[in-house]
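For the numbers below, each heavy atom of this structure counts, side chains included, while hydrogens, waters and symmetry mates do not.
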Amino acid sequence: MPDGTTHAWLKATGSGTIDPSDDQIARLAGAFANEQRVGLMRSLEAGHSTFTALKAETEMTAGRLQHHLKELALAGFLRTTRQRNHYEM
């Protein structure tokens, strides 16, 4: 992440290398295996956004957008802000 923090799916070893589990690698790969999720990440590069703004920008249905946001959050790439329905990387 740009601020120097690491994603929850990474496990640092004593040697300073990153040693993610097979499950973590699969979840990471799955997050980027969908063109719509990659587009959402690009939309959020500039900062946080609301569900409504993301829905309008991507032209996804609410259900599809919610699914993709959930997948990105599970992979550790997305979180909600303190304000309801605001998302950021």
Here the pair of heavy atoms bringing Phe51 nearest to Ala62 is CZ-O, 3.6 Å
How would you list, by chain and number, every residue that makes a salt bridge (charged side-chain N to carboxylate O under 4.0 Å, His left out) with Glu57, sequence neighbours excluded?
none
Would you compute the distance between atom CG of Leu65 and atom CD of Gln36 and round it to the nearest 0.5 angstrom?
9.0 Å
Taken to the nearest 0.5 Å, the spacing of Leu69 CG from Tyr87 OH works out to 5.0 Å
Main chain of Leu72, side chain of Arg27: is a donor-acceptor contact present, judged purely on distance under 3.5 Å?
no
Non-neighbouring partners of His48 that pass ring-ring contact (aromatic ring centres under 6.0 Å, His included), sequence neighbours left out
His86
In this structure, CE of Met60 is separated from CG of Leu40 (nearest 0.5 Å) by 4.0 Å
Just verifying a value: how many Å separate Met41 CE and Asn34 CG, rounded to the nearest 0.5 Å?
12.5 Å
Where the side chain of Arg37 meets the backbone of His68, is there a donor-acceptor pair that is under 3.5 Å apart?
no
